[in-house]
Amino acid sequence: MGEARILMRSDAVAGAVDPSEVERKLGVVELLWNDGFVRKAAIIVFLAAVWEIYGTLLDNSLLFPTFHDTVITMFDKVRDGTIPLRAWASLKVLFMGYSAGIVLAALFTVLAISTRIGTDFLETMTAMFNPLPAIALLPLALIWFGLGNGSLVFVLIHSVLWPVALNTHSGFKSVSNTLRMVGRNYGLRGLPYVARILIPAAFGSILTGLKIGWAFAWRTLIAAELVFGVSSGQGGLGWFIFENRNLLDIPAVFAGLLTVIVIGLIVENLIFRTIERNTVQKWGLQT
Amino acid sequence: MSALLDVSGVTLRYKTSSVVVTATEKVSFSVDRSDRFVLLGPSGCGKSTLLKAVGGYMTPSEGKMRINGREITEPGADRMMIFQEFDQLLPWKTVLENVMFPLLMTRKLNKKDAEVRARAYIEKVSLTRVVDSYPHTLSGGMKQRVAIARGMAMEPDILLMDEPFAALDALTRRTCQDELLQLWEETKFTVMFVTHSIAEAIKIGNRILLLSPHPGRVKAEVIDVDRVSAEDGSAAKLEKQIHDLLFADTATAH
């Protein structure tokens with residue numbers, strides 16, 4: 001019977017490798033370009049430049065004011081307090097509708113995971129109402145709740161509830177069987193089981209639902225204000241846009257639109273990104 | 001002294017969408033304290049199903065299962081499961097929090113004592129340097145060791161291990177097996193271990209229950225497995241014997 005031999009090689013031991021060959025520091029430009037925030041900012045600057053050039057060439061502030069006209073108007077309106085006041089009025093209604101929608105969505109999904117008939121109920125309801133535009137309900141809401149925040153909150157709930165419930169429910173359903181068994185192994189059941197295992201495990205989907213719900217709610221609210229004008233007291237951003245169009249103050253219309261966009265960007269890129277970074281990304285559930 | 005775990009005449013059936021499958025039929029065995037009890041058999045012999053039933057995730061359609069004299073009706077922390085899947089750690093908790101989690105959830109210890117005990121067991125599986133890491137940053141072998149630490153920190157009546165090393169690469173698997181035996185030497189815990197590898201069964205167990213497939217029935221029980229050793233070739237001989245026993249069965253079945 002033959003025997004194998006081991007020949008010692010000293011390549012791995014001989015002479016430590018210069019560390020700079022294994023790791024190379026990235027340059028400043030490369031580092032900056034790796035930051036998603038910088039890349040997105042660059043895109044926004046580019047779009048603003050295109051806007052400015054087109055506006056200057058067209059030279060018709062009634063149709064398409066330039067970027068700097070819009071920004072100046074926006075600064076004026078921010079300084080005199082109109083835009084912050086209007087934005088706050090919109091956001092206040094939004095928060096009411098958004099939080100009520102989330103609470104209802106939570107109730108529906110807890111019902112859906114605890115009983116089979118609850119699941120069927122949620123699936124039927126989302127299939128029926130998710131495709132229905134919230135705005136389509138506004139005429140009805142105005143009859144039911146009158147010209148006020150009640151109607152707006154009602155349509156907001158409708159626009160938030162279904163996407164959040166749908167995403168949360170599908171998130172719960174895709175929690176791995178192993179994790180479920182782990183949770184039950186520790187004697188967790190009922191609400192503690194939902195809170196300790198299902199919600200964190202499905203947090204990625206829940207967050208997606210919250211983001212979609214936020215976007216739906218924001219656009220529904222602005223549209224509702226635009227179509228139906230003022231509701232209770234002084235209107236929000238949608239009403240601001242509508243009002244200024246009637247006054248043919250087009251730069252102010254653009255400033256209003258820009259504010260809507262800026263608030264959307266802030267919520268998406270600051271609030272939701274921060275939550276994402278501190279949860280699903282930290283946990284390795286999302287890259 | 002009566003056995004720690006007593007399984008008598010257990011038949012397990014589960015429903016798929018169209019048929020009722022009998023996973024095991026009238027299986028009886030008992031596990032004593034500090035046993036390293038291995039369920040061994042080819043796929044389809046119901047060994048994992050049997051372990052899940054002991055874990056309380058399935059109710060037998062016939063027979064009784066008792067632990068410490070109490071009948072098993074539902075999952076509980078007196079029987080800690082360790083799974084094959086790497087996703088058994090909670091991804092939103094660090095290694096330390098994962099090990100502390102069952103201790104806190106079952107109100108076994110307060111937060112301070114739970115942390116002390118968790119750190120001690122993490123030390124035992126030599127993972128102290130990743131104590132604050134999240135599971136997704138760990139290798140497969142490390143994840144399984146955290147799961148073992150989490151199970152052991154509860155100091156349960158019995159540890160139920162469902163092919164915990166099956167998804168590991170061969171080198172890591174051997175390290176983990178050695179480490180498990182080392183831990184057993186230290187604390188003499190009771191473990192029920194499911195595997196389809198004969199070599200692993202011989203290495204880990206002191207008793208092996210051989211199951212035949214479709215449906216799972218007890219074919220033989222191997223005792224005093226810890227008397228064989230790899231050095232004098234007795235382990236290899238036992239491996240061949242068990243292999244022939246299982247192989248003969250499949251040869252006649254087909």
Side-chain angles (χ1 to χ4, degrees), chain A residues 1 3-4 6 12 106 113-114 116 119-120 167-168 170-210 272-287, chain B residues 48 51-58 72-95 97-108 114 132-138 143-144 146-147 150-151 153-154 156 158-164 167:
Chain A
M1 195 156 57
E3 218 173 273
I6 298 178
I113 49 155
S114 32
R116 202 165 60 172
T119 314
D120 296 337
N167 276 280
T168 308
S170 72
F172 282 176
K173 279 201 298 193
S174 58
V175 172
S176 86
N177 209 21
T178 318
L179 275 183
R180 290 168 190 274
M181 287 172 79
V182 166
R184 287 173 57 205
N185 196 179
Y186 308 157
L188 292 173
R189 43 183 61 78
L191 280 181
Y193 172 72
V194 176
R196 299 284 184 171
I197 303 287
L198 290 186
I199 290 180
F203 200 72
S205 304
I206 296 176
L207 203 59
T208 307
L210 290 177
F272 282 116
R273 282 294 301 152
T274 313
I275 298 176
E276 255 173 19
R277 236 196 326 270
N278 289 304
T279 56
V280 282
Q281 282 189 5
K282 196 166 80 174
W283 306 337
L285 297 178
Q286 193 188 78
T287 49
Chain B
S48 281
L51 194 81
K52 289 199 172 80
V54 174
Y57 297 103
M58 280 184 87
I72 293 169
T73 53
E74 55 179 4
D78 54 342
R79 289 150 283 140
M80 290 293 284
M81 294 277 297
I82 292 162
F83 300 90
Q84 176 184 342
E85 291 82 6
F86 292 153
D87 68 347
Q88 62 184 302
L89 300 180
L90 312 177
W92 57 93
K93 289 184 179 293
T94 62
V95 167
E97 288 164 349
N98 258 290
V99 179
M100 284 167 67
F101 185 66
L103 291 165
L104 297 175
M105 283 307 106
T106 53
R107 300 204 175 77
K108 205 173 164 110
D132 291 319
S133 307
Y134 283 91
H136 73 102
T137 60
L138 307 180
K143 285 181 192 166
Q144 294 310 78
V146 175
R150 181 172 70 178
M154 283 294 284
I158 188 167
L159 268 181
L160 306 173
M161 305 179 92
D162 189 4
E163 307 199 39

Q: Compare every heavy atom of B:P75 with every heavy atom of A:R184, then report the nearest pair and how far apart it is.
A: O-CB, 3.4 Å
Q: When rounded to the nearest 0.5 angstrom, what distance separates CH2 in B:W92 from CZ in A:R196?
A: 10.5 Å
Q: Just jot down the side chain to side chain contact (heavy atoms under 4.5 Å, CB included) partners of B:L104, sequence neighbours excluded, or say none.
A: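 If we apply the side chain to side chain contact (heavy atoms under 4.5 Å, CB included) test to B:L104, skipping adjacent residues, the hits are B:M100, B:K111, B:A114.
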Q: Who pairs with B:Q84 by side chain to side chain contact (heavy atoms under 4.5 Å, CB included), at least two apart in sequence or on another chain?
A: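 Testing B:Q84 for side chain to side chain contact (heavy atoms under 4.5 Å, CB included), a comparison that skips the adjacent residues, returns B:E163, B:A166, B:A167.
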Q: B:T73: which residues meet the side chain to side chain contact (heavy atoms under 4.5 Å, CB included) condition with it, sequence neighbours left out?
A: none
Q: From A:W283 CH2 over to B:T94 OG1, what is the distance, rounded to the nearest 0.5 angstrom?
A: 12.0 Å
Q: In a check of side chain to side chain contact (heavy atoms under 4.5 Å, CB included) between B:M81 and each of A:N185, A:V182, A:T178, which one passes?
A: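 Running side chain to side chain contact (heavy atoms under 4.5 Å, CB included) over A:N185, A:V182, A:T178 with B:M81 returns exactly one hit, A:N185.
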Q: Can you pull out the residues in residues 199-210 of chain A with any heavy atom less than 4.5 Å from chain B?
A: A:P200, A:A201
Q: Of all of B:G55, B:P135, B:P102, B:A77, which one pairs up most often with chain A through heavy atoms under 4.5 Å apart?
A: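 Counting heavy-atom pairs under 4.5 Å, the top option is B:P102.
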Q: Going by an N to O cut-off under 4.0 Å, is there a salt bridge joining A:R189 and B:E74?
A: yes
Q: What distance separates B:F83 CZ from A:L179 CG, expressed to the nearest 0.5 Å?
A: 9.5 Å
Q: Tell me yes or no: between the side chains of A:R180 and B:Y57, is some donor less than 3.5 Å from an acceptor?
A: no
Q: Out of B:M80, B:R79, B:K52, return the one with the most heavy atom pairs under 4.5 angstrom to chain A.
A: B:M80
Q: Evaluate the side-chain proximity of B:M105 to A:Y193: yes if any heavy-atom separation is below 4.5 Å, no if none is.
A: no
Q: Report yes if some heavy atom in the side chain of A:Y186 is under 4.5 Å from a heavy atom in the side chain of B:L103; otherwise report no.
A: no
